[in-house]
Amino acid sequence: VTLGGVSGNPFTPKSSFIRYWNKEVHREIPNTHFLLSKVSPLTAVDSASFSKLAAHNNLASRLPSFCSSAKLFCFPDLSPSLEKHSKDVNFAFYLDRNFTNYGSDRLAGLDSFKNYSENDNVVVDSFRRYSRDSAGHKDQFSNYASASNVADQSFNTYGGAATGGSGNFNNYNHEVNVPNLRFTSYSDDSNGHGQTFTHYTEETNAGQQSFSNYGKNGNGLPNDFTSYGKDSNVMGSDFSGYGKTANGAKDTFTSYAFDSNNPVNGFKSYGDGGNAAVDSFSSYRDQSNVGDSSFQSYAKSSNGTKVDFDNYGQSFNEGTEKFTGYGQGADGQSIGFKIYGGNTTFKDYTKKGVTFSRYSNESSTASGKVVVSKWVEPGKFFREKMLKRGMVIPMPDIKDKMPARSFLPRTILSKIPFSSSEIDQLKRIFHAGDNSTLGTIMLDALKECERPPSPGETKRCVGSAEDMVDFATSVLGRNVEVRTTQNVNGSKKNIMIGSVGKINGGKVTKSVSCHQSLYPYLLYYCHSVPKVRVYEADILDPNSMEKINHGVAICHLDTSSWSSGHGAFLALGSGPGRIEVCHWIFENDMTWTIANS
């Protein structure tokens, strides 16, 4: 069947979009166009069926089928697991499990989670009442969920009332894109049950970790965090009620958030009411880029607490530390700050038993540019003059880190809420629990979409291919083209520039750039970009001189409104309004321009 230039079933979402494009845009879309790969793969029958369910607010009843058929990003629904094991267990290559009452009342033994859920896209595991009331039982998490995309792990009353034994998290969530980890009442009321976190969430991106009532009412609990969050990007950790009313707790934070980018850590009521606790922070947030740490009511009303901050907060770009009610009402405490970073606020802070040694108001690196280059990847930004045949330049990692998803058909999208005020309804539709990773992901995306546009900016979030066409043509007119970089070849390597093409003859023009947002369905944040020049360039292997890619680059000519701390200026020098800044269009991002005449 052929209808309006479309072969096959004319009622599929893809056929419908091709007709829509050909009606709204002054040139037909080729059947091999990259944008068509993002259109919903639903059949005509499924599209009509799910549209009807959405109209009756009943999509949640068919969510697994909807997610699979529509190619969405959804978290699996974990079924309860009440299995008990009397022997030691080695878990390898498991994923998406609910471990409830697992290892309860165990005497000694060892459970090992090694290479567990490794290299998976979405990892969801729940450990509830795991090893509760056990004695001398050891748990090892090694290479757990390593190199996964989105990891969601919940440890609730893990090791509660356990005696002896230990838990070891080694290389846990290494190189994960969006880790979200929750430890609630972990080792609560336990006795001598130590935990070691080594290389925990190292080299991860944009995650959150929460420790709530961790070790509460415990006795003699040694906890060691080594290289925790090291080399991570925008990592957040919350310690609330950690070690509260515990006896003889010993916590060591070594190289915690070391060499990270903008780590945010909050300690609230940490060690509150504890007795004879020993806490050590060594090289905490050292060599990091900015960051923020908040200590609220830390060691409040405690007895005999000893805390050492050694080489704390020596970030090369100034971060922020806030100590509110720290050690207030405590008795016999000893708190020492040695080589402590600047930009610190002490409010309602106890004056008793506190020593400051070599307090620094300077960043740890005089030449911040050398260190900051770690967080501004080579080749991420470059000058327009570098887009010339024969130039050899580094190409950054342009690979798409988002999970694969598709647009929704308009007929379904229009029936699903899309506002932060309706987040509870959205959480019900997509089976996202309270304080869940998916709920946080959706809320963050919605708030960014609802953010007022910057001066001179026109923006819109689009969840269907038709909506993207509408926005682009509303800004640029109906004579438009959309481009993206062909593939990821050359990524993270030196490349040679081949032949260069100037879009619109190299004239200063405006474009519409569209960037992905993490959401259950494919969602793009599209915005108008004035005063740019857009280029296409063949990308060559500098050794063989063979063509390996075809890149699209955009050069921003007016940077006067950019922040002076923007990564482009840190990488290239200069400042706002003084230079143009160019960058490649990354995989699955795209830029719309007026079509070449």
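Only a predicted model underlies this, so the values are computations on that prediction, with no experimental measurement involved.
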Legend entry - Residue pairs involving residues 422-447 (criterion ring pair (Phe, Tyr, Trp, His ring centres under 6.0 Å); sequence neighbours excluded): none
Inset, instruction - Give me the ring orientation class for Trp21 and Phe17: parallel if the planes are under 30° apart, tilted from 30 to 60°, perpendicular past 60°. - result: perpendicular
Inset, instruction - Using modelled atom types only, decide if a donor and an acceptor are shared between the side chain of Thr559 and the backbone of Pro576 within a distance under 3.5 Å. - result: no
Inset, instruction - Using the test salt bridge (Lys or Arg N to Asp or Glu O under 4.0 Å), find all partners of Arg389 that sit at least two apart in sequence or belong to another chain. - result: none
Legend entry - Name of the residue among Asp589, Thr591, Leu523, Ile585 meeting side chain to side chain contact (heavy atoms under 4.5 Å, CB included) with His515: Asp589
Legend entry - Counterpart residues, side chain to side chain donor-acceptor pair (under 3.5 Å), relative to Ser564 (two or more places apart): none
Inset, instruction - May I ask you to test the Lys38-Tyr524 pair for a side-chain heavy-atom distance under 4.5 Å? - result: yes
Inset, instruction - Classify the side-chain pair Arg405/Asn588 by whether it contains a donor and acceptor separated by less than 3.5 Å. - result: no
Inset, instruction - Please check if atom NZ in Lys415 has more than 12 non-hydrogen atoms from other residues, nucleotides or ligands closer than 6.0 Å. - result: yes
Legend entry - For Glu24, side chain to side chain donor-acceptor pair (under 3.5 Å) partners two or more places apart: none
Inset, instruction - Look only at the side chain of Asp400 and the backbone of Phe586, and say whether a donor-acceptor pair between them is shorter than 3.5 Å. - result: no
Legend entry - Test salt bridge (Lys or Arg N to Asp or Glu O under 4.0 Å) applied to Glu587 - qualifying residues, sequence neighbours left out: none
Inset, instruction - Please check if atom NZ in Lys459 has more than 12 non-hydrogen atoms from other residues, nucleotides or ligands closer than 6.0 Å. - result: yes
Inset, instruction - Have a look at His556 and tell me which of His583, Glu384, Arg533 forms a side chain to side chain contact (heavy atoms under 4.5 Å, CB included) with it. - result: His583
Inset, instruction - Name all pairs fulfilling the salt bridge (charged side-chain N to carboxylate O under 4.0 Å, His left out) condition that reach into residues 416-427, sequence neighbours left out, sorted by first residue then second. - result: Lys427-Asp434
Inset, instruction - Kindly state each residue pair satisfying disulfide (SG to SG under 2.5 Å) with at least one member in residues 424-460, sequence neighbours excluded. - result: Cys449-Cys461
Legend entry - Centroid-centroid under 6.0 Å between Phe418 and Tyr519 rings: yes
Legend entry - Salt-bridge contact Lys447-Glu450 (side-chain N to carboxylate O under 4.0 Å): no
Legend entry - With Ser464 via side chain to side chain donor-acceptor pair (under 3.5 Å) - residues at least two apart: Asp467
Donor-acceptor list for residues 496-507 side chains, cut-off 3.5 Å, not counting sequence neighbours:
from, atom 1, to, atom 2, distance (Å)
Ser499, OG, Asp538, OD2, 2.8
Asn504, ND2, Ile594, O, 3.0

Inset, instruction - Taking salt bridge (Lys or Arg N to Asp or Glu O under 4.0 Å) as the test, write out the residues that go with Asp470, two or more places apart. - result: Arg410
Legend entry - Test item: Ser474 side-chain N/O and Phe471 main-chain N/O as donor-acceptor pair under 3.5 Å: yes
Inset, instruction - Keeping the roles fixed (side chain from Ser491, backbone from Ile398), state whether a donor-acceptor pair exists under 3.5 Å. - result: yes
Got a list of side-chain donor-acceptor pairs under 3.5 Å for residues 63-70, not counting sequence neighbours?
from, atom 1, to, atom 2, distance (Å)
Ser65, OG, Arg62, NH2, 3.4
Ser69, OG, Ser65, O, 2.9

Inset, instruction - Look only at the side chain of Arg27 and the backbone of Glu481, and say whether a donor-acceptor pair between them is shorter than 3.5 Å. - result: no
Legend entry - Residues that Glu466 engages under salt bridge (Lys or Arg N to Asp or Glu O under 4.0 Å), provided they are two or more places apart: none
